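Keep in mind it's a predicted model, so treat the numbers as computed, not measured. Computed from heavy atoms alone, side chains included, the values below leave out hydrogens, waters and symmetry copies. Numbers restart at 1 for each chain; the letters A, B, ... are given by sequence-line order, proteins then strands.
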Amino acid sequence: MNRLTLEEQKRLLEERYSWVLEKAKKRQVEEKRLPPLPGGEEGKVVTRFAPNPDFVIHLGNARPAILSHEYARMYKGRFILRFEDTDPRTKRPLAEAYSLIKEDLRWLGIRWDEEYIQSLRMPIYYDIARRLIERGGAYVDDRPVEEFRRYRDEGRLEEYPPRRRSIEENLELWDKMLEGHFGEGEAVLRVKTDPRHPDPSVRDWVAFRIIDTGRSPHPLVGDRYTVWPTYNFAAAVDDHLLGVTHILRAKEHMQNTVKQSFLYKHMGWKYPHVIHFGRLKLEGFVMSKSALKKLLEEGIFLGIDDPRFGTIAGLRRRGIDPEAIRRVILDVGVKGTDASISYANLAAVNRSIVDPKARRFMVVFEPVELVVRGVPEARRLTIPFHPENRSLGERSIEVPKGEARFYISGRDAAALREGGIVRLVEAFNVKVERVSPRRVEAVFHSWGLEEARKAKAPIIHWVPAGQVVEVTVYKPEGLKLRILHGLGERALADARRGEIVQFLREGFYRIDAVSREQGEVVAIHAHD
RNA sequence: GCCGCGGUAGUAUAGCCCGGUCAAGUAUGCGGGCCUUUCGAGCCCGUGACCCGGGUUCAAAUCCCGGCCGCGGCACCA
């Protein structure tokens, strides 16, 4: 084929294999692209990912992160990372979470152009609050909540006395709030909205409340502040100040968009474009932060990155390639409906990414001894780590002359019949003589693959006795973790921690721990 | 209950804005075959969906109305 000229090759390709071309063309066209952003202009798009650092992120959080990042890149714009940590009381930030989240994002291939932490921007929020009051867009409410609710729910919010205060009075009370004249729960700053808005929660929502940081200190700023902006205030202000043009967020924020737009109106700002998408669920995985926290407290889990968790760290530890996560999220896209991804689907995508680069190793579970007599000569078998990708290298295994001992998997041993021929993959063929539960006896038959084919012999994997490493495998099954023990070939002791490998005929695994001295390996099952 | 959003095969998604080319595309799953020194990969064939009911129209997955179902919100959380 390569002796033909390029022209001849082309012609041949077109005549006889045009479908290959069409397929290739098709694939290019179908390479998943995100739909264009409304009002998206090249070089001018600014997006952000704004996690609460109260825990690590999971697959659901990764969606806005990846989509926002992807859009910023697509339009050659800016991507901002912003930590929203303005509730030291009920959603207390976790000091480690800031860096854990960044680690997860980097692993996902996300790079941010700017980084902000809201708890470090408090003076900015205070300043905007003052300007908002000066514009008559907010008032201090120092009455008990019940009273506010009564007015609100009776549709008489216009008559609510604090709402009717003068700007001067509000400025004074605001200063008092900042000076610490009020305790927790004694005063809030409310944004004036449509007092008759159909959604009561929109009516005069809270922009700032008082949190006793003496009792619940903030991990970054301790008790320096007691007047804290709510999510809606801080996020809205920052989106404007940082020049965010497009907000991509889950639909639980829909009402927040409505609330925040009142603030924008008061300030004369233009609200960014917003895209709301549905929730993303990974079937069979625990996703909710609170549920995860609870499980962790109960023990019995390997940590925040337990492979049974839908956290990014958990998926990483399980052997999922970041590219697989990216593809799945891009495939799910920006639809408003909830999506439920099956692990089979994620696994299929992952397999296609990992398969070309995963080294193959032989590991047998429930090992059964196989004794082969009559090996005609000693041989040093050189076996590549990957059937197609030779750049992954090879290892050699010695087979002695005469009697050779191996281990094969219990499952394969159980399927053997006396008198049958079986091929030890990449080695030779044997004829089975005796099968007992713990031991199989066989006699050398032939070296060649052809003979095995002719005899329709099954091809099984094996491990040479005396040259093994102990393999412990964790196999996540829902919330259970099955533990399997096996024997692996010696070369496995050289695997790198974190490497994703294939155990021949047993599926893909991530190497979780290696102890070369002890000859022990721990691996986590990713998928078949 | 109130406010809002949405419903395409088992799952996910394309198409819906700008009705016909859609007896609906793709991926994954599932069934079968080929290939292969793996039960992996690759290749081929098959399977299977427009929530329901009305309306508009020559023509509706696409537009309109109603119903049903799902989801989100209704915090001094994010």
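Note on A:Arg327 versus A:Glu323: salt bridge recorded, some NZ/NE/NH1/NH2 to OD/OE distance being below 4.0 Å.
Contact annotation for A:Gly185: base contact, defined as any heavy-atom pair under 4.0 Å involving a base atom. When heavy atoms are screened at a 4.0 angstrom cut-off, A:Asn256 is found touching base atoms of the nucleic acid. Across all strands, A:Arg92 comes closer than 4.0 Å to no nucleic acid atom at all (heavy-atom distances). At the heavy-atom level, A:Pro51 lies nowhere under 4.0 Å from the strands shown.
Partner A:Asp204 forms a side chain to side chain donor-acceptor pair (under 3.5 Å) with one of A:Arg163, A:Lys192, A:Arg190 and no other, that one being A:Arg163.
The A:Lys335 side chain lies nearest to B:A14 when the options are B:C71, B:C76, B:A14. The side chain of A:Lys251 sits closest to B:G72 out of B:C76, B:G7, B:G72. For A:Val206, the side-chain atoms get nearest to B:C76 when compared with the rest of B:C76, B:G4, B:U11.
Atom CD1 in A:Ile341 sits about 13 Å away from atom C1' in B:G10, given to the nearest Å. Rounded to a whole Å, the CG atom of A:Asp141 is 14 Å from the C1' atom of B:A75. Between A:Gln118 atom CD and B:A78 atom P the separation is 9 Å, expressed in whole Å.
Side chain A:Glu388 to base B:G40: a donor-acceptor pair is found below 3.5 Å. A donor-acceptor contact under 3.5 Å links the side chain of A:Gln502 to the base of B:U38.
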